[in-house]
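Take a look at the structure set out below.
Keep in mind it's a predicted model, so treat the numbers as computed, not measured. Numbering starts at 1 and runs along the sequence shown.
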Amino acid sequence: MHRRAGRWATAAVAGLVLAGVVTGCGGQERPAREVAVELPTEAPVEAPADESTEGPPAVEAMGVAPSATPRPSTKPTSKPKPRRTSAGPLATPKPPIETRVPPPPPKPAPSGCQPTYRGTQATRSEVKSALSDAAAKTYWPTSAPDIKIPLNLLKATAWQESGWQSNIVACDGGIGLMQVMPATADWMNQRFGESYDIDAYRDNAYLGANYLAWLTKYIGDMYFESDYRLDASLCTDQLNSCLLNAVISAYNYGHNAVAREGEPLAIPNPQYVRNVRALMTECVCLGY
């Protein structure tokens with residue numbers, strides 16, 4: 001997560017090898033949070049002669065005998081969320097609403113470096129449960145409760161990042177299932193008031209999903225007018241056409257490489273995005 005270096009894991013799609021995936025930790029990018037009813041009177045009562053009468057609200061609604069004194073509405077007024085007229089990103093983005101941003105990506109790892117392992121690896125069943133719980137959580141309950149991280153996106157990202165290995169440590173410092181960078185984990189814990197343990201596989205899954213949710217809001221506010229749908233059907237052949245691709249890209253390269261003030265949406269790591277998109281529908285991990 002959040003690095004410019006390549007991933008350790010090679011994306012395996014339904015037993016097929018995706019072209020362009022670089023194996024080994026430290027290779028360069030494949031080129032090619034905040035979670036009364038009135039009872040009727042016995043007899044009609046006549047109104048005093050010097051007072052105006054009011055008809056029942058239902059009668060008034062039909063335009064008969066309107067009330068001389070309008071009744072103030074007791075219903076709260078709320079502005080509906082505006083509907084977007086285009087599925088694509090804004091050519092000129094809006095200024096970011098989120099000003100507390102993650103730290104920059106680390107430097108690339110040395111060439112030829114091999115990942116290491118520490119602790120006990122979680123089973124596939126344990127990883128599946130952790131990812132499912134992380135996808136079900138609402139990370140922006142107040143300002144953006146409609147942000148949801150699709151389970152297949154989380155599964156695919158974890159497979160691309162680590163091959164679902166919970167105890168792997170990459171050469172550039174990425175840790176565990178979601179390959180979370182320690183500095184990014186510290187930032188998210190401070191930003192969202194959490195205490196996730198980067199070395200615990202369940203917390204690692206939450207950290208990865210939380211970061212995806214943050215990226216969804218950050219980029220969605222800037223380029224998609226707060227339309228936070230991570231829906232593949234909104235994507236076209238152009239990789240920068242939808243929020244889903246942008247979020248995937250930023251998970252790997254960092255938010256500032258994808259979304260910059262005054263500049264069009266960018267996808268600097270197309271092969272990584274294609275890998276994760278393919279894994280979202282064809283990964284063997286979806287059947288675990």
Query raised in the report: Does the side chain of D186 come under 3.5 Å of the side chain of Q190 through a donor N or O and an acceptor N or O?
Result: no
Decide yes or no for [X] and [Y]: does some side-chain heavy atom of the first lie under 4.5 Å from some side-chain heavy atom of the second?
| X | Y | result |
| --- | --- | --- |
| Y251 | M178 | yes |
| K217 | I147 | yes |
| N204 | S166 | no |
| Q165 | Y117 | yes |
| Y223 | P264 | no |
| N167 | Y201 | no |
| L90 | E225 | yes |
| E161 | Y272 | yes |

Atom [atom1] of [X] and atom [atom2] of [Y]: how far apart are they, to the nearest 0.5 Å?
| X | Y | atom1 | atom2 | value |
| --- | --- | --- | --- | --- |
| N269 | S249 | CG | OG | 3.5 Å |
| L177 | I198 | CG | CD1 | 11.5 Å |
| N240 | L243 | CG | CG | 12.5 Å |
| C242 | D227 | SG | CG | 11.0 Å |

Which residues pass the side chain to side chain contact (heavy atoms under 4.5 Å, CB included) test with [X], sequence neighbours left out?
| X | value |
| --- | --- |
| A136 | none |
| P96 | Y218, M222, E261 |
| T123 | S125, E126 |
| T236 | Q238, S241 |

Requested in this report: Could you give me the CA-CA distance, side-chain angles and deciding distance for Y211 and M188, then say whether side chain to side chain contact (heavy atoms under 4.5 Å, CB included) is met?
Outcome: CA-CA 7 Å; Y211 186 48; M188 281 195 294; 3.6 Å; yes
Query raised in the report: If Ile, Leu, Val, Met, Phe, Trp and Tyr residues are connected whenever their side-chain heavy atoms lie under 4.5 Å apart, and connections chain through other members, are Y228 and V101 in the same group?
Result: yes
**Report entry** Selection residues 246-258 - residue pairs positive for salt bridge (Lys or Arg N to Asp or Glu O under 4.0 Å), sequence neighbours left out
**Finding:** none
Report summary line: Contacts satisfying salt bridge (Lys or Arg N to Asp or Glu O under 4.0 Å) that involve residues 199-216 (not counting sequence neighbours) are R118-D199, D133-R202
If the condition is side chain to side chain donor-acceptor pair (under 3.5 Å), which residues does [X] pass it with, not counting sequence neighbours?
| X | result |
| --- | --- |
| T281 | none |
| K128 | none |
| T216 | none |
| D197 | none |

Requested in this report: With side chain to side chain contact (heavy atoms under 4.5 Å, CB included) as the test, would you mind laying out the steps for F224 and I219 before giving the verdict?
Outcome: CA-CA 7 Å; F224 297 89; I219 301 174; 4.3 Å; yes
Query - Short side-chain to backbone donor-acceptor contact, W187 and P103, under 3.5 Å - result: no
Query raised in the report: Between T184 (side chain) and V180 (backbone), is there a donor-acceptor pair under 3.5 Å?
Result: no
Distance-only donor-acceptor pairs under 3.5 Å for side chains of residues 149-157, two or more places apart:
residue: N152; atom: ND2; partner: M280; partner atom: O; Å: 3.3
residue: T157; atom: OG1; partner: L153; partner atom: O; Å: 2.7

Query raised in the report: Can you name the residues that form a ring pair (Phe, Tyr, Trp, His ring centres under 6.0 Å) with Y206, not counting sequence neighbours?
Result: Y196
